[in-house]
Amino acid sequence: MPSATSKQSTLPASWLLSPRKEQRTCPSPGRQQTSLKSTAALSTVSPPSAVKSVRKGPKKDAKAPTPHKKHTPLIPIDPSKKNYNKRITDVLSELSKTEKNIGNQWKAQAYSKAILSISAYPKPLVSGKEAQDLPGVGGSIAKLVQEIIETGTSERVQNEAKDERLQTISMLMRVSGIGPSAAAKFYDELGVRSISDLLHRPLTRHQKIGMKYFNEFEKRIPRAEMDRWQAIIKDVLEDIDDRFVVTIAGSYRRGQDTCGDIDVLLTHPEFTTSSSSDETPNSNHSVLLQLVISRLHEKGYLTDDISLGDVKYMGVCKLPDVPNTEAHIHRRIDIRLSPIDMYWPAVFHSTGSDQFNRWIRSLAAEQGYTLSEYSLRTKDKKSGAVGTPLRISSEEDIFRLLGVEWRAPEQRDW
DNA sequence: AGCAGCGTTGGCAG
DNA sequence: CTGCCAACGC
DNA sequence: GTTTG
Ligand SMILES: O=c1ccn([C@H]2C[C@H](O)[C@@H](COP(=O)(O)OP(=O)(O)OP(=O)(O)O)O2)c(=O)[nH]1
Ligand SMILES: [Mg+2]
(Lines give C-alpha, C1' and ligand atoms only; values in the text may rest on other atoms or scores of the structure.)
(Ligands and ions follow the chains in the order given, each with its own letter.)
Protein backbone atom coordinates (compact mmCIF):
# COMPACT_ATOMS: atom_id res chain seq x y z
CA MET A 1 0.00 0.00 0.00
CA PRO A 2 1.64 3.11 -1.26
CA SER A 3 1.41 5.91 1.16
CA ALA A 4 -0.86 8.74 0.32
CA THR A 5 1.64 11.29 1.23
CA SER A 6 3.40 14.00 -0.57
CA LYS A 7 3.89 13.11 -4.09
CA GLN A 8 6.44 14.75 -6.23
CA SER A 9 9.04 13.64 -8.56
CA THR A 10 9.39 9.98 -8.98
CA LEU A 11 12.93 8.92 -8.99
CA PRO A 12 13.90 5.67 -10.46
CA ALA A 13 15.76 3.63 -7.97
CA SER A 14 18.77 3.84 -10.11
CA TRP A 15 19.45 7.42 -9.19
CA LEU A 16 20.73 5.80 -6.08
CA LEU A 17 23.71 4.94 -7.99
CA SER A 18 24.26 8.19 -9.62
CA PRO A 19 27.81 8.72 -8.65
CA ARG A 20 27.74 11.99 -6.87
CA LYS A 21 30.75 12.61 -4.87
CA GLU A 22 31.25 15.86 -3.08
CA GLN A 23 27.98 17.36 -2.04
CA ARG A 24 28.64 17.87 1.58
CA THR A 25 25.69 17.28 3.65
CA CYS A 26 24.86 20.68 4.84
CA PRO A 27 23.18 20.93 8.10
CA SER A 28 22.49 24.58 8.24
CA PRO A 29 24.21 25.91 11.27
CA GLY A 30 21.98 28.78 12.10
CA ARG A 31 19.75 26.33 13.84
CA GLN A 32 19.02 26.37 17.43
CA GLN A 33 17.12 23.36 18.44
CA THR A 34 16.03 21.59 15.34
CA SER A 35 19.29 20.52 13.92
CA LEU A 36 18.92 17.13 12.40
CA LYS A 37 18.20 17.09 8.75
CA SER A 38 14.62 17.88 8.15
CA THR A 39 12.42 15.79 6.02
CA ALA A 40 13.16 16.63 2.49
CA ALA A 41 10.19 15.24 0.75
CA LEU A 42 11.52 12.85 -1.75
CA SER A 43 9.21 10.53 -3.35
CA THR A 44 8.44 7.03 -4.07
CA VAL A 45 9.74 4.56 -6.42
CA SER A 46 7.92 1.52 -7.47
CA PRO A 47 9.99 -0.91 -9.34
CA PRO A 48 9.38 -4.62 -9.65
CA SER A 49 8.06 -6.54 -6.83
CA ALA A 50 9.20 -9.57 -4.97
CA VAL A 51 10.65 -8.47 -1.77
CA LYS A 52 13.94 -9.77 -0.88
CA SER A 53 13.88 -11.11 2.53
CA VAL A 54 16.49 -11.19 5.14
CA ARG A 55 19.59 -13.05 4.42
CA LYS A 56 20.49 -15.76 6.78
CA GLY A 57 23.92 -16.97 7.57
CA PRO A 58 25.32 -19.08 4.82
CA LYS A 59 25.68 -22.81 5.13
CA LYS A 60 28.90 -23.66 6.63
CA ASP A 61 30.12 -26.44 4.53
CA ALA A 62 33.41 -26.59 2.77
CA LYS A 63 35.57 -25.78 5.70
CA ALA A 64 38.57 -26.76 3.67
CA PRO A 65 42.02 -26.95 5.06
CA THR A 66 42.49 -23.65 6.71
CA PRO A 67 45.55 -21.81 7.86
CA HIS A 68 44.80 -22.67 11.43
CA LYS A 69 46.76 -20.76 13.92
CA LYS A 70 46.60 -20.93 17.61
CA HIS A 71 43.77 -19.00 19.07
CA THR A 72 44.48 -15.85 20.92
CA PRO A 73 44.04 -15.43 24.59
CA LEU A 74 40.43 -16.14 24.72
CA ILE A 75 39.25 -19.35 23.35
CA PRO A 76 35.74 -19.14 22.03
CA ILE A 77 33.18 -19.99 24.57
CA ASP A 78 29.87 -21.71 24.26
CA PRO A 79 27.39 -19.18 25.57
CA SER A 80 24.85 -21.86 26.22
CA LYS A 81 26.88 -23.47 28.98
CA LYS A 82 26.37 -22.99 32.67
CA ASN A 83 28.42 -20.54 34.67
CA TYR A 84 29.75 -22.38 37.69
CA ASN A 85 31.30 -19.26 39.09
CA LYS A 86 28.52 -16.74 39.00
CA ARG A 87 29.20 -15.63 42.55
CA ILE A 88 32.65 -14.63 41.48
CA THR A 89 31.81 -13.07 38.17
CA ASP A 90 29.02 -11.02 39.71
CA VAL A 91 31.51 -9.35 42.01
CA LEU A 92 33.96 -8.81 39.20
CA SER A 93 31.17 -7.25 37.17
CA GLU A 94 30.76 -4.65 39.86
CA LEU A 95 34.42 -3.83 39.68
CA SER A 96 34.27 -3.61 35.92
CA LYS A 97 31.34 -1.25 36.15
CA THR A 98 33.10 0.94 38.67
CA GLU A 99 36.18 1.23 36.51
CA LYS A 100 34.03 2.08 33.55
CA ASN A 101 32.22 4.73 35.53
CA ILE A 102 35.49 6.25 36.54
CA GLY A 103 36.63 6.26 32.97
CA ASN A 104 39.19 3.52 33.34
CA GLN A 105 38.34 1.93 30.06
CA TRP A 106 41.14 -0.58 30.04
CA LYS A 107 40.66 -1.82 33.53
CA ALA A 108 36.97 -2.19 32.87
CA GLN A 109 37.74 -4.25 29.81
CA ALA A 110 40.29 -6.29 31.62
CA TYR A 111 37.68 -7.30 34.17
CA SER A 112 35.22 -8.09 31.43
CA LYS A 113 37.71 -10.32 29.75
CA ALA A 114 38.45 -12.16 32.96
CA ILE A 115 34.72 -12.55 33.55
CA LEU A 116 34.38 -14.12 30.14
CA SER A 117 36.91 -16.84 30.77
CA ILE A 118 35.86 -17.47 34.35
CA SER A 119 32.25 -17.82 33.20
CA ALA A 120 33.31 -20.43 30.72
CA TYR A 121 35.33 -22.43 33.24
CA PRO A 122 33.70 -25.86 33.47
CA LYS A 123 33.64 -26.14 37.25
CA PRO A 124 33.57 -24.07 40.41
CA LEU A 125 36.91 -22.46 41.14
CA VAL A 126 38.37 -23.37 44.49
CA SER A 127 41.26 -20.93 44.63
CA GLY A 128 42.63 -17.75 43.16
CA LYS A 129 45.63 -19.67 42.03
CA GLU A 130 43.48 -21.94 39.98
CA ALA A 131 41.86 -18.89 38.41
CA GLN A 132 45.14 -17.35 37.43
CA ASP A 133 45.68 -20.01 34.81
CA LEU A 134 42.77 -18.62 32.87
CA PRO A 135 43.39 -16.12 30.11
CA GLY A 136 42.82 -12.59 31.28
CA VAL A 137 43.23 -13.44 34.92
CA GLY A 138 46.40 -12.06 36.47
CA GLY A 139 47.65 -11.56 39.98
CA SER A 140 45.16 -8.92 41.06
CA ILE A 141 42.08 -10.69 39.88
CA ALA A 142 43.36 -14.01 41.20
CA LYS A 143 43.64 -12.41 44.59
CA LEU A 144 40.14 -11.04 44.31
CA VAL A 145 38.85 -14.43 43.30
CA GLN A 146 40.47 -15.92 46.40
CA GLU A 147 38.84 -13.28 48.57
CA ILE A 148 35.47 -13.88 47.00
CA ILE A 149 35.76 -17.59 47.50
CA GLU A 150 36.59 -17.08 51.16
CA THR A 151 34.24 -14.26 52.06
CA GLY A 152 31.63 -14.25 49.33
CA THR A 153 32.48 -10.71 48.42
CA SER A 154 35.26 -8.19 48.09
CA GLU A 155 36.04 -5.42 50.49
CA ARG A 156 36.64 -3.05 47.63
CA VAL A 157 33.20 -3.66 46.25
CA GLN A 158 31.68 -3.16 49.66
CA ASN A 159 33.41 0.16 50.06
CA GLU A 160 32.48 1.35 46.62
CA ALA A 161 28.88 0.54 47.40
CA LYS A 162 29.05 3.11 50.19
CA ASP A 163 30.69 5.78 48.07
CA GLU A 164 28.03 8.36 47.37
CA ARG A 165 29.88 10.00 44.55
CA LEU A 166 30.48 6.74 42.76
CA GLN A 167 26.89 5.68 43.23
CA THR A 168 25.57 8.92 41.86
CA ILE A 169 27.90 8.88 38.91
CA SER A 170 26.85 5.34 38.23
CA MET A 171 23.23 6.44 38.28
CA LEU A 172 23.83 9.41 35.98
CA MET A 173 25.54 7.19 33.47
CA ARG A 174 22.33 5.27 33.04
CA VAL A 175 21.11 8.26 31.05
CA SER A 176 21.86 7.65 27.40
CA GLY A 177 24.31 10.30 26.29
CA ILE A 178 25.96 10.70 29.67
CA GLY A 179 29.31 8.98 29.90
CA PRO A 180 32.06 9.03 32.51
CA SER A 181 33.20 12.52 31.66
CA ALA A 182 29.83 14.21 31.70
CA ALA A 183 28.77 12.32 34.81
CA ALA A 184 31.83 13.46 36.72
CA LYS A 185 31.36 16.99 35.53
CA PHE A 186 27.72 17.05 36.52
CA TYR A 187 28.62 15.81 39.96
CA ASP A 188 31.79 17.75 40.65
CA GLU A 189 31.12 21.01 38.90
CA LEU A 190 27.40 21.34 38.62
CA GLY A 191 26.30 19.88 41.89
CA VAL A 192 24.06 17.27 40.38
CA ARG A 193 23.10 14.64 42.93
CA SER A 194 20.19 12.94 41.31
CA ILE A 195 18.59 12.24 37.98
CA SER A 196 15.97 14.87 38.61
CA ASP A 197 18.66 17.47 39.19
CA LEU A 198 19.51 17.03 35.54
CA LEU A 199 16.23 18.51 34.49
CA HIS A 200 17.58 21.91 35.40
CA ARG A 201 20.87 21.57 33.65
CA PRO A 202 21.87 22.20 30.09
CA LEU A 203 21.84 18.95 28.22
CA THR A 204 22.76 17.85 24.75
CA ARG A 205 20.07 16.65 22.43
CA HIS A 206 21.06 13.07 23.08
CA GLN A 207 20.98 13.55 26.83
CA LYS A 208 17.56 15.15 26.73
CA ILE A 209 16.22 12.14 24.91
CA GLY A 210 17.99 9.89 27.38
CA MET A 211 16.20 11.69 30.20
CA LYS A 212 12.85 11.67 28.48
CA TYR A 213 12.94 7.90 28.14
CA PHE A 214 15.07 7.03 31.12
CA ASN A 215 12.76 4.28 32.32
CA GLU A 216 11.65 3.00 28.96
CA PHE A 217 15.16 2.55 27.61
CA GLU A 218 16.00 0.22 30.43
CA LYS A 219 13.29 -2.20 29.48
CA ARG A 220 14.19 -5.13 27.31
CA ILE A 221 12.41 -5.80 24.05
CA PRO A 222 10.66 -9.16 23.79
CA ARG A 223 11.55 -11.14 20.72
CA ALA A 224 7.95 -11.06 19.56
CA GLU A 225 8.11 -7.28 19.38
CA MET A 226 11.38 -7.52 17.48
CA ASP A 227 9.60 -9.72 14.96
CA ARG A 228 6.95 -7.06 14.55
CA TRP A 229 9.55 -4.38 13.95
CA GLN A 230 11.21 -6.52 11.35
CA ALA A 231 7.94 -6.82 9.48
CA ILE A 232 7.14 -3.15 9.84
CA ILE A 233 10.47 -1.92 8.61
CA LYS A 234 10.46 -4.26 5.66
CA ASP A 235 7.02 -3.08 4.83
CA VAL A 236 7.82 0.59 4.97
CA LEU A 237 10.97 0.19 2.95
CA GLU A 238 9.33 -1.97 0.37
CA ASP A 239 7.18 1.00 -0.25
CA ILE A 240 10.17 3.05 -1.20
CA ASP A 241 11.83 0.34 -3.22
CA ASP A 242 11.12 -3.33 -2.92
CA ARG A 243 14.69 -4.26 -3.47
CA PHE A 244 15.81 -3.04 -0.11
CA VAL A 245 17.23 -5.79 1.99
CA VAL A 246 16.51 -5.45 5.67
CA THR A 247 18.37 -7.39 8.27
CA ILE A 248 17.68 -7.09 11.94
CA ALA A 249 21.05 -7.84 13.47
CA GLY A 250 22.49 -7.43 16.95
CA SER A 251 21.24 -9.64 19.75
CA TYR A 252 18.12 -10.43 17.75
CA ARG A 253 20.14 -12.17 15.09
CA ARG A 254 22.04 -13.98 17.79
CA GLY A 255 18.76 -15.48 18.84
CA GLN A 256 18.29 -13.71 22.15
CA ASP A 257 14.84 -13.85 23.73
CA THR A 258 14.97 -10.18 24.59
CA CYS A 259 16.98 -7.35 23.10
CA GLY A 260 18.28 -4.03 24.31
CA ASP A 261 17.49 -2.22 21.11
CA ILE A 262 16.70 -2.71 17.43
CA ASP A 263 19.69 -2.92 15.13
CA VAL A 264 18.73 -2.53 11.53
CA LEU A 265 21.11 -3.14 8.68
CA LEU A 266 19.95 -1.83 5.38
CA THR A 267 21.29 -2.44 1.92
CA HIS A 268 20.17 -2.37 -1.67
CA PRO A 269 21.36 -4.36 -4.70
CA GLU A 270 22.01 -1.27 -6.72
CA PHE A 271 23.69 0.57 -3.98
CA THR A 272 27.37 -0.22 -4.26
CA THR A 273 30.53 1.54 -3.38
CA SER A 274 29.82 3.91 -6.15
CA SER A 275 32.22 5.65 -8.36
CA SER A 276 35.54 4.34 -7.54
CA SER A 277 37.87 4.75 -4.71
CA ASP A 278 37.64 4.06 -1.12
CA GLU A 279 36.56 1.36 1.21
CA THR A 280 34.80 3.86 3.38
CA PRO A 281 31.64 4.88 1.60
CA ASN A 282 30.29 8.34 1.48
CA SER A 283 28.69 9.29 -1.74
CA ASN A 284 25.03 8.45 -2.22
CA HIS A 285 24.51 7.48 1.29
CA SER A 286 23.18 10.71 2.59
CA VAL A 287 20.05 11.12 0.57
CA LEU A 288 19.09 7.52 0.84
CA LEU A 289 19.28 7.18 4.58
CA GLN A 290 17.47 10.43 5.06
CA LEU A 291 14.73 9.29 2.78
CA VAL A 292 14.31 6.13 4.79
CA ILE A 293 14.22 8.02 8.04
CA SER A 294 11.72 10.56 6.84
CA ARG A 295 9.49 7.78 5.63
CA LEU A 296 9.58 6.06 8.98
CA HIS A 297 8.72 9.38 10.55
CA GLU A 298 5.81 9.94 8.22
CA LYS A 299 4.41 6.58 9.11
CA GLY A 300 4.63 7.54 12.72
CA TYR A 301 7.11 4.95 13.88
CA LEU A 302 9.94 7.24 14.83
CA THR A 303 9.49 9.60 17.73
CA ASP A 304 12.90 11.16 18.29
CA ASP A 305 16.20 11.45 16.44
CA ILE A 306 19.42 11.17 18.37
CA SER A 307 21.76 11.39 15.44
CA LEU A 308 21.64 11.13 11.71
CA GLY A 309 24.58 10.93 9.39
CA ASP A 310 25.24 9.51 5.97
CA VAL A 311 25.53 5.94 7.10
CA LYS A 312 24.09 5.67 10.54
CA TYR A 313 20.94 6.74 12.29
CA MET A 314 20.27 6.53 15.99
CA GLY A 315 16.81 7.28 17.23
CA VAL A 316 13.70 6.27 19.07
CA CYS A 317 10.69 4.34 17.81
CA LYS A 318 7.40 3.12 19.15
CA LEU A 319 4.74 0.75 17.90
CA PRO A 320 1.42 2.37 17.02
CA ASP A 321 -0.90 2.82 19.93
CA VAL A 322 -3.99 0.71 20.09
CA PRO A 323 -7.13 2.21 21.67
CA ASN A 324 -7.95 0.89 25.10
CA THR A 325 -4.57 -0.59 25.38
CA GLU A 326 -1.48 0.23 27.32
CA ALA A 327 0.85 2.43 25.33
CA HIS A 328 3.81 0.71 23.82
CA ILE A 329 7.28 1.33 25.12
CA HIS A 330 9.66 3.67 23.33
CA ARG A 331 12.61 1.75 21.91
CA ARG A 332 16.07 2.67 20.81
CA ILE A 333 16.64 1.96 17.16
CA ASP A 334 19.80 2.09 15.09
CA ILE A 335 19.78 1.96 11.34
CA ARG A 336 22.94 1.44 9.35
CA LEU A 337 23.13 1.73 5.61
CA SER A 338 25.61 -0.45 3.81
CA PRO A 339 26.59 -0.72 0.17
CA ILE A 340 25.67 -4.18 -1.07
CA ASP A 341 29.24 -5.14 -1.75
CA MET A 342 30.08 -4.53 1.87
CA TYR A 343 27.08 -6.35 3.17
CA TRP A 344 28.85 -9.34 4.65
CA PRO A 345 31.38 -7.45 6.71
CA ALA A 346 28.51 -5.24 7.75
CA VAL A 347 26.25 -8.06 8.97
CA PHE A 348 29.19 -9.67 10.59
CA HIS A 349 29.88 -6.48 12.46
CA SER A 350 26.29 -5.74 13.36
CA THR A 351 25.71 -9.23 14.61
CA GLY A 352 28.41 -8.99 17.23
CA SER A 353 28.52 -9.42 20.07
CA ASP A 354 30.81 -6.52 20.82
CA GLN A 355 33.15 -8.77 22.76
CA PHE A 356 33.12 -11.29 19.98
CA ASN A 357 33.95 -8.54 17.51
CA ARG A 358 36.83 -7.37 19.61
CA TRP A 359 38.13 -10.86 19.93
CA ILE A 360 38.04 -11.68 16.25
CA ARG A 361 39.41 -8.29 15.28
CA SER A 362 42.32 -8.82 17.62
CA LEU A 363 42.85 -12.18 16.06
CA ALA A 364 42.79 -10.59 12.63
CA ALA A 365 45.37 -8.05 13.74
CA GLU A 366 47.69 -10.76 15.00
CA GLN A 367 47.50 -12.34 11.61
CA GLY A 368 48.29 -9.17 9.75
CA TYR A 369 44.76 -8.15 8.87
CA THR A 370 42.36 -5.50 9.90
CA LEU A 371 38.65 -6.17 10.03
CA SER A 372 35.91 -3.57 10.11
CA GLU A 373 32.27 -3.33 9.07
CA TYR A 374 33.55 -2.33 5.65
CA SER A 375 36.23 -4.82 4.82
CA LEU A 376 38.87 -7.31 5.70
CA ARG A 377 42.25 -6.07 4.56
CA THR A 378 45.82 -6.90 5.13
CA LYS A 379 47.62 -4.50 7.37
CA ASP A 380 51.30 -4.25 7.94
CA LYS A 381 51.96 -4.45 11.66
CA LYS A 382 54.95 -2.19 11.44
CA SER A 383 54.03 0.53 9.02
CA GLY A 384 50.31 0.23 9.46
CA ALA A 385 49.90 0.23 5.72
CA VAL A 386 46.71 -1.41 4.63
CA GLY A 387 46.06 -3.47 1.55
CA THR A 388 43.07 -3.66 -0.71
CA PRO A 389 39.97 -5.36 0.65
CA LEU A 390 39.75 -9.10 0.28
CA ARG A 391 36.73 -10.46 -1.49
CA ILE A 392 34.12 -11.41 1.05
CA SER A 393 31.02 -13.19 -0.19
CA SER A 394 29.72 -14.62 3.01
CA GLU A 395 30.26 -14.51 6.73
CA GLU A 396 32.00 -17.80 6.35
CA ASP A 397 34.62 -16.16 4.18
CA ILE A 398 35.65 -14.06 7.12
CA PHE A 399 35.95 -17.03 9.42
CA ARG A 400 37.82 -19.02 6.82
CA LEU A 401 40.30 -16.30 6.02
CA LEU A 402 41.07 -15.94 9.70
CA GLY A 403 41.33 -19.66 10.25
CA VAL A 404 38.43 -19.75 12.65
CA GLU A 405 35.78 -22.38 12.55
CA TRP A 406 32.36 -21.16 11.51
CA ARG A 407 30.08 -20.05 14.30
CA ALA A 408 26.43 -19.38 13.84
CA PRO A 409 25.26 -16.05 15.24
CA GLU A 410 23.92 -17.84 18.31
CA GLN A 411 27.45 -18.97 19.05
CA ARG A 412 28.76 -15.43 18.97
CA ASP A 413 26.66 -14.41 21.89
CA TRP A 414 29.46 -13.65 24.31
C1' DA B 1 52.87 -0.37 24.79
C1' DG B 2 48.61 -2.10 23.13
C1' DC B 3 44.14 -3.27 24.21
C1' DA B 4 38.82 -3.08 17.58
C1' DG B 5 37.39 -0.05 14.60
C1' DC B 6 34.39 3.44 13.30
C1' DG B 7 30.01 7.25 13.02
C1' DT B 8 28.03 11.49 14.81
C1' DT B 9 27.81 15.39 17.81
C1' DG B 10 29.46 19.43 19.89
C1' DG B 11 33.00 22.48 21.64
C1' DC B 12 37.02 25.08 20.63
C1' DA B 13 40.74 27.34 17.85
C1' DG B 14 41.84 29.82 14.03
C1' DC C 1 33.20 28.58 8.23
C1' DT C 2 36.70 24.70 8.45
C1' DG C 3 39.51 21.51 10.91
C1' DC C 4 40.46 18.99 14.88
C1' DC C 5 39.40 16.31 18.83
C1' DA C 6 37.06 14.47 22.90
C1' DA C 7 33.00 12.24 24.24
C1' DC C 8 29.70 8.89 23.53
C1' DG C 9 27.82 5.22 21.36
C1' DC C 10 27.39 1.01 18.15
C1' DG D 1 44.38 -5.05 34.82
C1' DT D 2 46.66 -8.12 31.76
C1' DT D 3 49.32 -9.70 27.95
C1' DT D 4 52.96 -9.38 24.71
C1' DG D 5 57.43 -8.43 22.84
O1 LIG E 1 31.27 -1.54 21.10
C2 LIG E 1 30.57 -2.10 20.24
C3 LIG E 1 29.17 -2.16 20.31
C4 LIG E 1 28.49 -2.83 19.34
N5 LIG E 1 29.14 -3.41 18.31
C6 LIG E 1 28.41 -4.17 17.29
C7 LIG E 1 28.16 -5.58 17.76
C8 LIG E 1 26.79 -5.52 18.32
O9 LIG E 1 26.15 -6.77 18.33
C10 LIG E 1 26.13 -4.55 17.38
C11 LIG E 1 24.92 -3.88 17.98
O12 LIG E 1 25.26 -3.20 19.16
P13 LIG E 1 24.34 -3.24 20.43
O14 LIG E 1 24.90 -2.29 21.42
O15 LIG E 1 22.94 -3.01 20.05
O16 LIG E 1 24.54 -4.69 21.03
P17 LIG E 1 23.66 -5.99 20.90
O18 LIG E 1 24.60 -7.10 20.69
O19 LIG E 1 22.61 -5.84 19.88
O20 LIG E 1 23.00 -6.17 22.35
P21 LIG E 1 21.70 -5.47 22.90
O22 LIG E 1 20.66 -6.53 23.05
O23 LIG E 1 22.10 -4.88 24.20
O24 LIG E 1 21.28 -4.43 21.94
O25 LIG E 1 27.14 -3.59 17.08
C26 LIG E 1 30.50 -3.34 18.22
O27 LIG E 1 31.08 -3.88 17.29
N28 LIG E 1 31.18 -2.69 19.20
MG1 LIG F 1 21.32 -4.23 19.90
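Order of the sequence lines fixes the chain letters, A, B, ..., with proteins taken first and strands second; residue numbering starts at 1 for each chain.
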* Classify the nucleic acid contact of D334(A) as base, sugar-phosphate or nothing, counting any heavy atom under 4.0 Å across all strands shown. => sugar-phosphate
* Structure fact -> When rounded to whole Å, the NE2 to P distance for the pair H206(A) and dG7(B) reads 18 Å
* Side-chain N or O of Y313(A) closer than 4.0 Å to phosphate OP1/OP2 of dT8(B) -> no
* Return the orientation label for the Y301(A) and W229(A) ring planes: parallel under 30°, perpendicular over 60°, tilted otherwise. => perpendicular
* Report which part of the nucleic acid E99(A) touches: base, sugar-phosphate, or nothing (heavy-atom distance under 4.0 Å, all strands). => nothing
* Asked: Is it the case that more than 12 heavy atoms not belonging to R156(A) sit under 6.0 Å from its CZ atom?
  -> yes
* **Single hit among D227(A), D263(A), D257(A), T351(A) for side-chain hydrogen bond (donor to acceptor under 3.5 Å, both in side chains) with Y252(A)** => D227(A)
* To do: Calculate the interatomic distance between K185(A) atom NZ and dG10(B) atom C1'; express it in whole Å.
  => 11 Å
* To do: Take the protein atom CH2 of W414(A) and the nucleotide atom P of dA4(B), then report the distance between them rounded to whole Å.
  => 13 Å
* Give the rounded distance in Å between these two atoms: CG of L308(A) and C1' of dG10(B). => 16 Å
* Between K312(A) and L371(A), just flag the one whose closest nucleotide in DNA chain B comes earlier from the 5' side. => L371(A)
* Pairing partner of dT2(C) (Watson-Crick or G-U wobble, both distances under 3.5 Å) -> dA13(B)
* Which one, dA4(B), dT9(B), dG7(B), comes nearest to the side chain of V311(A)? -> dG7(B)
* To do: Please check if atom CZ in R201(A) has more than 12 non-hydrogen atoms from other residues, nucleotides or ligands closer than 6.0 Å.
  => yes
* Answer with base, sugar-phosphate or nothing: what part of the nucleic acid does G139(A) contact at a heavy-atom distance below 4.0 Å? => sugar-phosphate
* Separation of atom CE in M342(A) from atom C1' in dG5(B), rounded to whole Å -> 14 Å
* **Phosphate OP1/OP2 of dG5(B) contacted by T370(A) side-chain N/O (<4.0 Å)** => yes
* Asked: Is there a Watson-Crick or G-U wobble partner for dG5(D) with both distances under 3.5 Å, and which nucleotide is it?
  -> none
* Asked: Strictly by modelled atom types, are D334(A) and Y313(A) linked by a side-chain donor-acceptor pair under 3.5 Å?
  -> no
* P spacing across the pair dA4(B) / dG5(D), given as an integer number of angstrom -> 15 Å
* Structure fact -> Whole-Å distance, I335(A) CD1 to dT8(B) C1', equals 15 Å
* Would you please confirm or rule out a distance under 4.0 Å between OP1 or OP2 of dC6(B) and any side-chain N or O of R361(A)? => no
* Of the nucleotides dC8(C), dC6(B), dA4(B), which has the atom closest to the P180(A) side chain? -> dC8(C)
* Of the listed nucleotides dG10(B), dG1(D), dC10(C), the one nearest the side chain of T204(A) -> dG10(B)
* Return the orientation label for the F399(A) and F356(A) ring planes: parallel under 30°, perpendicular over 60°, tilted otherwise. => tilted
* To do: Send over the distance from Q105(A) CD to dC3(B) P, rounded to a whole Å.
  => 11 Å
* Take atom CG of D354(A) and atom P of dC6(B), then tell me their distance rounded to the nearest Å. => 16 Å
* To do: Would you classify A182(A) as touching base, sugar-phosphate or nothing, given that sugar-phosphate means primed atoms plus P, OP1 and OP2, and contacts are heavy atoms under 4.0 Å?
  => sugar-phosphate
* To do: For nucleotides dT3(D) and dC6(B), find the distance between their P atoms and express it as a whole number of Å.
  => 26 Å
* Asked: Among dT8(B), dA7(C), dC3(B), which is the nearest nucleotide to the side chain of D310(A)?
  -> dT8(B)
* Tell me what D263(A) touches on the nucleic acid: a base, only sugar-phosphate, or nothing, going by heavy atoms under 4.0 Å. => sugar-phosphate
* To do: State whether S362(A) places a side-chain N or O below 4.0 Å from either non-bridging phosphate oxygen (OP1 or OP2) of dC3(B).
  => no
